[in-house]
Amino acid sequence: MTDQGLPSADALQQAATLAGALPFLRRYAGDTIVVKYGGHAMGDPELAQTFGKDIALLKLVGINPVVVHGGGPQINQMLERLQVKSSFVDGFRVTDAAAIDVVEMVLCGSVNKQVASLINEAGALAVGVSGKDGGLVKASKLLRKVKDPVTGVEQTLDLGFVGDPDEINPQVLYALSGSGLIPVIAPVAGGHNGETFNVNADSVAGAIAGAIHASRLLMLTDVPGVLDGNGKLIPELTAEEARKGIASGMISGGMIPKVETCLQAVKAGAKAAVIVNGRVPHACLLELFTRAGSGTLIRAG
């Protein structure tokens, strides 16, 4: 309050912000939002705390968030500490029997519980699970084909225990969300023959968003979203426009697999997917509760 007993400018701004969010709160009330959490947003302590508060807020206002997290840097640190060799091919970690044990220990252990704790500390109830729990995610061995640059002969790469999600059991998520809990999922999946697979977190988030027909899949990345040829953010794309962008080369490099994940999610049943800049504080809230949004939204139509 001011000396005259009137609300301060900050208080008035906060009230205006809350009032402005009302139409969006109505739009998403009771809906499920899948958030892929990783990158800079996960490595910065301040952004991590903000993320935990934002996810807790979503639950407290009647939205059902589902979080899928990565953990590549933490895996690298543990592999180095244990002197377990690891390499990458086309962006995928070659995961042998020794490495998969470390991957499971890190993702399903320390990282998963840290992410859940961020949300719990903010006042909501989060439960850490992996794709193996309750048969939530089943995966098959991921096969990657590459052409020899000299002979042009196509070869199949053996990435070891790297999986591709092909079956989701949404009942696990319905049970947790229906009990007032926020599922926090480590991207480790069970195989159809009892194997354990390391699965790309983007792929898990996309598969889950499609299977449960999420209102939104939010992919937190280290870039603003999809950029046009002039480096300007494209706020929205249809699936057809996104595919044309990949074919033309406008969408290239590491953005291609993220856009493809979004396309797979909306094709499977998610209403829309958004590539969001996770380096921006409150990125999820900006995307959901403001007219401008904060990334590139991809729709099926």
Side-chain angles (χ1 to χ4, degrees), residues 36-39 42 68-112 129-169 185-211 219 221-222 246-247 251-265 267-268:
K36 189 278 176 166
Y37 177 51
M42 193 172 180
V68 180
H69 65 80
Q74 295 89 334
I75 293 172
N76 290 338
Q77 292 171 8
M78 185 59 72
L79 288 171
E80 291 177 8
R81 184 184 304 175
L82 299 177
Q83 298 183 341
V84 176
K85 293 183 178 180
S86 180
S87 60
F88 286 85
V89 175
D90 288 350
F92 289 90
R93 184 189 303 276
V94 179
T95 309
D96 60 15
I100 190 61
D101 287 341
V102 176
V103 168
E104 184 171 19
M105 174 179 68
V106 173
L107 289 180
C108 303
S110 57
V111 175
N112 187 253
V129 297
S130 77
K132 293 173 67 175
D133 294 318
L136 172 57
V137 183
K138 288 287 187 181
S140 298
K141 186 179 179 69
L142 178 66
L143 300 176
R144 298 289 289 184
K145 293 185 180 294
V146 296
K147 285 187 177 181
D148 187 291
V150 178
T151 65
V153 176
E154 196 171 60
Q155 299 175 327
T156 300
L157 295 175
D158 186 357
L159 299 173
F161 293 95
V162 176
D164 187 32
D166 56 17
E167 186 177 318
I168 305 294
N169 178 11
I185 303 163
V188 173
H192 297 280
N193 296 308
E195 314 97 320
T196 295
F197 285 113
N198 176 22
V199 185
N200 179 273
D202 288 356
S203 298
V204 171
I208 287 175
M219 302 273 288
T221 67
D222 289 342
I246 293 173
I251 299 172
S252 60
M255 184 57 66
I256 292 177
K258 294 188 181 299
V259 171
E260 288 179 337
T261 295
C262 292
L263 290 172
Q264 291 167 2
K267 181 180 180 181

In terms of heavy-atom contacts, Gly206 and Ala265 come closest through O-CB, 3.6 Å

Start with the C-alpha distance between Val188 and Cys108, add both sets of side-chain angles, then the distance that settles side-chain contact (heavy atoms from CB on, under 4.5 Å), and finish with yes or no.
-> CA-CA 7 Å; Val188 173; Cys108 303; 3.8 Å; yes

What pair of heavy atoms forms the shortest contact from Val102 to Leu82, and how long is it?
-> CG2-CD1, 3.9 Å

Heavy-atom donor-acceptor pair, Asp101 side chain to Ala98 backbone, under 3.5 Å | no

How long is the span from the CG atom in Asp158 to the CG atom in Leu142, to the nearest 0.5 Å?
-> 10.5 Å

Rounded to the nearest 0.5 Å, how far apart are CG of Asp202 and CE of Met219?
-> 3.5 Å

Side chains of Pro187 and Leu107: closer than 4.5 Å at any heavy-atom pair?
-> yes

Evaluate side-chain contact (heavy atoms from CB on, under 4.5 Å) for Val199 paired with Val162, printing each intermediate quantity in order.
-> CA-CA 6 Å; Val199 185; Val162 176; over 6 Å; no

His192 NE2 to Lys141 NZ distance, which is reported to the nearest 0.5 Å | 14.0 Å

Can you find a heavy atom in the side chain of Val106 that is under 4.5 Å from one in the side chain of Leu79?
-> no

Enter the distance from Ile246:CD1 to Leu263:CG here, rounded to the nearest 0.5 Å.
-> 6.0 Å

Hey, what do you get for CG (Leu159) to OG1 (Thr95), rounding to the nearest 0.5 Å?
-> 7.5 Å

Taking it one step at a time, do Asp164 and Asn200 satisfy side-chain contact (heavy atoms from CB on, under 4.5 Å)?
-> CA-CA 8 Å; Asp164 187 32; Asn200 179 273; over 6 Å; no

Carboxylate-amine/guanidinium proximity below 4.0 Å for Glu104 and Lys132 = yes

Counterpart residues, salt bridge (Lys or Arg N to Asp or Glu O under 4.0 Å), relative to Asp166 (two or more places apart) | none

What pairs of residues pass the side-chain hydrogen bond (donor to acceptor under 3.5 Å, both in side chains) test when at least one of them lies in residues 69-78, not counting sequence neighbours?
-> His69-Asn112, Asn76-Arg93

Are the side chains of Asn169 and Lys138 in touch, meaning some heavy atoms are under 4.5 Å apart?
-> no

Donor-acceptor pair, Glu195 side chain versus Asn193 backbone, under 3.5 Å?
-> yes

Heavy-atom closest pair (Ala139 atom, Ala189 atom, distance to 0.1 Å) is CB-CB, 3.8 Å

Going from OG on Ser203 to NZ on Lys36, what distance comes out if it is rounded to the nearest 0.5 angstrom?
-> 10.0 Å

Any Lys/Arg nitrogen of Asp96 or Lys85 sitting under 4.0 Å from an Asp/Glu carboxylate oxygen of the other?
-> no

